[in-house]
J.: 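Shown below is the structure under consideration.
Counting convention: from 1, in listed order, for ligands and their atoms alike. The first residue of the sequence shown is numbered 1, and numbering continues consecutively from there. Below, all heavy atoms of this structure are taken into account, side chains as well, without hydrogens, waters or symmetry copies.
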Amino acid sequence: MKLTLSTPLLLGSGRGERQVAAAEFWTSYRVTVRAPDELILGVRLPLAPRRSVRFRKVGTRRAQAISKVVMALAYREDAGVWRDVRVALGSVAATPIRVPRTERVLEGAAPRNTTADHAAATIAQEITPIDDVRSTAEYRRAVTARILHRMLRDEGDW
Ligand SMILES: Cc1cc2nc3c(=O)[nH]c(=O)nc-3n(C[C@H](O)[C@H](O)[C@H](O)COP(=O)(O)OP(=O)(O)OC[C@H]3O[C@@H](n4cnc5c(N)ncnc54)[C@H](O)[C@@H]3O)c2cc1C
């Protein structure tokens, strides 16, 4: 998933077309700014040179299972440190979210053990999951932190 919540969505109706940043599209649980007569015509994905993107979905089964946690991580490596870090999540808040505090921990840092520990602790505090039929808030916090930690370990090769 390359959607990082600053990505523009293109909406269209008989009244014309407009773009809305993904972060502004979802206003609350199952509520969007899409008008009843509008369709989503497209998603514009800006090409970001040298950007790496990682994605992980956790569900009850490997496929055709609604997500308990879904995470996308994007960054650009620059002389051993990460720049332009984006972390976007689904199913851990009422809308898809970015986690700016966690992004700030990773921005300008190297994917080392200490960075991973700090980022994992931060993201567990930053998300706002609830218990529902799919999962519990406690499980989602723990798993979200471990997914991010594991992504950093894989990227740091340690
Ligand atoms: C049957 C089914 C199968 C799917 N299979 C796949 C698949 O195989 N692969 C795949 O990539 N995608 C799959 N998807 C899609 C994927 O599950 C969704 O794209 C993803 O879950 C969307 O995330 P979301 O955060 O937008 O919404 P949701 O996942 O619906 O998350 C919304 C969350 O908001 C929470 N919430 C509600 N109110 C509040 C509140 N007040 N405060 C905090 N939290 C709140 C709910 O607990 C819920 O977890 C499937 C979807 C369905 C329905």
Side-chain angles (χ1 to χ4, degrees), residues 1-13 17-48 50-76 82 84-107 111 115-156:
M1 183 176 78
K2 289 180 182 158
L3 193 76
T4 59
L5 298 186
S6 51
T7 299
L9 303 180
L10 182 63
L11 301 177
S13 71
E17 295 183 3
R18 64 183 177 128
Q19 288 191 27
V20 179
E24 286 150 27
F25 181 72
W26 292 275
T27 51
S28 62
Y29 185 54
R30 294 189 171 172
V31 180
T32 73
V33 298
R34 187 185 64 82
D37 62 341
E38 282 182 312
L39 294 173
I40 299 176
L41 301 180
V43 180
R44 294 198 197 281
L45 298 176
L47 289 177
R50 299 194 297 116
R51 172 168 276 182
S52 299
V53 180
R54 301 288 174 263
F55 174 76
R56 179 78 196 274
K57 174 211 164 163
V58 177
T60 304
R61 300 180 299 275
R62 185 176 283 275
Q64 278 308 308
I66 197 163
S67 306
K68 296 171 191 276
V69 174
V70 59
M71 183 190 299
L73 165 72
Y75 67 93
R76 179 173 55 78
W82 285 10
D84 304 327
V85 180
R86 306 277 188 278
V87 184
L89 297 136
S91 314
V92 294
T95 66
I97 55 166
R98 292 252 307 264
V99 277
R101 281 198 285 133
T102 304
E103 290 176 353
R104 282 197 292 277
V105 170
L106 296 172
E107 187 69 38
T115 311
D117 287 349
H118 188 187
T122 305
I123 202 168
Q125 292 303 313
E126 196 166 12
I127 61 174
T128 55
I130 57 172
D131 296 348
D132 69 6
V133 65
R134 302 181 213 174
S135 191
T136 63
E138 186 186 2
Y139 176 87
R140 292 190 232 223
R141 271 188 210 287
V143 167
T144 299
R146 293 322 299 172
I147 293 173
L148 185 61
H149 204 281
R150 179 61 182 261
M151 282 181 177
L152 270 98
R153 191 177 85 189
D154 289 347
E155 298 314 299

J.: Give me the nearest non-hydrogen protein atom to atom 8 (O) of ligand 1 as residue plus atom name, then the distance to 0.1 Å.
T.: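 Here the closest protein heavy atom is Gln64 N, 2.8 Å.
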J.: Please indicate, with yes or no, if any protein heavy atom is found under 4.0 Å from atom 37 (C) of ligand 1?
T.: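 Flag for atom 37 (C) of ligand 1 set to true, protein heavy atom closer than 4.0 Å.
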J.: Could you measure the distance from the CD atom of Glu126 to the CZ atom of Arg101? Nearest 0.5 Å is fine.
T.: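 Between Glu126 CD and Arg101 CZ, I get 4.5 Å after rounding to 0.5 Å.
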J.: Provide the number and element of each atom of ligand 1 under 4.0 Å from a heavy atom of Pro96.
T.: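 Listed by number with element, the hits are 26 (O).
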J.: Just to confirm, does any protein heavy atom lie below 4.0 Å from atom 32 (C) of ligand 1?
T.: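 For atom 32 (C) of ligand 1 the answer is yes, since some protein heavy atom falls inside 4.0 Å.
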J.: Using a strict threshold of under 4.0 Å (side-chain N to carboxylate O), is an ion pair present between Asp84 and Arg50?
T.: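 Salt bridge absent between Arg50 and Asp84.
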J.: Looking only at protein heavy atoms, identify the closest one to atom 43 (C) of ligand 1 and say how far it is in Å.
T.: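 In this structure, atom 43 (C) of ligand 1 has Thr128 O, 3.1 Å as its nearest protein heavy atom.
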J.: I need the single residue from Asp37, Thr32, Val31 that forms a side chain to side chain contact (heavy atoms under 4.5 Å, CB included) with Arg34. Which is it?
T.: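 It is Thr32; the other options fail the test.
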J.: Any idea which protein heavy atom is nearest atom 30 (O) of ligand 1, and the distance to it?
T.: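 Heavy-atom neighbour on the protein nearest atom 30 (O) of ligand 1: Arg134 NH2, 2.9 Å.
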J.: If you round to the nearest 0.5 Å, how far is CG of Leu73 from CG of Leu89?
T.: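 If I round to the nearest 0.5 Å, the distance is 10.0 Å.
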J.: Identify, by atom number and element, the atoms of ligand 1 in contact range of Ile130, meaning under 4.0 Å from any of its heavy atoms.
T.: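 So the answer, numbered in order with elements, is 36 (N), 37 (C), 38 (N), 39 (C), 42 (N), 43 (C), 44 (N), 45 (C), 47 (O).
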J.: Before signing off on this row, confirm whether Gly90 and ligand 1 have an N or O atom pair separated by under 3.5 Å.
T.: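 In fact, backbone or side chain, Gly90 has no N or O that close.
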J.: Return yes if some donor-acceptor pair links the side-chain N/O of Arg141 with the main-chain N/O of Ile127 below 3.5 Å, else return no.
T.: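 Side chain of Arg141 to backbone of Ile127: a pair is present.
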J.: Among all the protein's heavy atoms, is there at least one whose distance to atom 40 (C) of ligand 1 comes out below 4.0 Å?
T.: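 When distances to the protein are checked, atom 40 (C) of ligand 1 has a heavy atom within 4.0 Å.
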J.: Of the protein's non-hydrogen atoms, which lies at the shortest distance from atom 51 (C) of ligand 1, and what is that distance?
T.: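 Its nearest protein heavy-atom neighbour is Ile66 CG1, 3.8 Å.
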J.: Identify the protein heavy atom lying closest to atom 20 (C) of ligand 1, giving its residue, its atom name and the separation to 0.1 Å.
T.: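 The answer is Ser67 OG, 3.8 Å.
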J.: With no hydrogens and no angle check, is any side-chain donor or acceptor of Lys68 less than 3.5 Å from a backbone partner on Arg140?
T.: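 Side chain of Lys68 to backbone of Arg140: no pair is present.
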J.: Going from CD on Gln19 to CG on Leu41, what distance comes out if it is rounded to the nearest 0.5 angstrom?
T.: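 Answer rounded to 0.5 Å: 10.5 Å.
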J.: Taking Glu103 for its side chain and Arg98 for its backbone only, find out whether a donor-acceptor pair lies under 3.5 Å.
T.: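 Here the side-chain-to-backbone pair does not exist.
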J.: Can you tell me how far CD1 of Ile123 sits from CE of Met71, rounded to the nearest 0.5 angstrom?
T.: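 One gets 4.0 Å once the value is rounded to the nearest 0.5 Å.
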J.: Could you tell me the residue and atom name of the protein heavy atom closest to atom 21 (O) of ligand 1, and the distance to it rounded to 0.1 Å?
T.: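 Nearest protein contact, heavy atoms only, for atom 21 (O) of ligand 1 is Ser91 OG, 3.2 Å.
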J.: For atom 25 (O) of ligand 1, state whether the nearest protein heavy atom is under 4.0 Å away.
T.: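 Yes, at least one protein heavy atom sits under 4.0 Å from atom 25 (O) of ligand 1.
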J.: Per the side-chain hydrogen bond (donor to acceptor under 3.5 Å, both in side chains) rule, which among Arg86, Glu155, Arg51 passes with Tyr75?
T.: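 The side-chain hydrogen bond (donor to acceptor under 3.5 Å, both in side chains) with Tyr75 is passed solely by Glu155 among Arg86, Glu155, Arg51.
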J.: Got an N/O contact under 3.5 Å between Tyr29 and ligand 1?
T.: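 Such a contact does not occur with ligand 1.
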J.: Which distance, rounded to the nearest 0.5 Å, do you find between the OG of Ser67 and the CZ of Arg134?
T.: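 Spacing of OG (Ser67) from CZ (Arg134) equals 7.0 Å.
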J.: Under 4.0 Å from a heavy atom of Arg140: give me the atoms of ligand 1 that qualify, with their elements.
T.: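 Those of ligand 1 that fall under 4.0 Å from Arg140 are 47 (O), 49 (O).
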J.: Ignoring hydrogens, just give me the one of Ser28, Ala65, Ala94 whose non-hydrogen atom is nearest atom 5 (N) of ligand 1.
T.: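 Looking at heavy atoms only, the winner is Ala65.
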J.: Less than 3.5 Å between some nitrogen or oxygen of Ala93 and one of ligand 1, yes or no?
T.: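 Right, the criterion is met.
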J.: Would you find more than 12 non-hydrogen atoms of other residues, nucleotides or ligands less than 6.0 Å from Arg150 atom CZ?
T.: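 Not more than 12 within 6.0 Å, no.
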J.: Between Pro129 and ligand 1, find which residue part has any heavy-atom pair under 4.0 Å and reply side chain, backbone, both or neither.
T.: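 Answer for Pro129: neither.
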J.: Under 4.0 Å from a heavy atom of Ala63: which atoms of ligand 1 are those, numbered in the order shown and with their elements?
T.: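 The list of qualifying atoms is 8 (O).
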J.: Got the closest protein heavy atom to atom 9 (N) of ligand 1, with its distance?
T.: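 The closest heavy atom on the protein side is Lys57 NZ, 3.2 Å.
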J.: Side chain, backbone, both or neither: which part of Asp132 has a heavy atom under 4.0 Å from ligand 1?
T.: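 For Asp132, the contact with ligand 1 is made by the side chain alone.
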J.: To the closest 0.5 Å, what do you measure between CG (Leu39) and CG (Leu11)?
T.: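 Answer for the CG-CG pair, Leu39 versus Leu11, is 9.0 Å.
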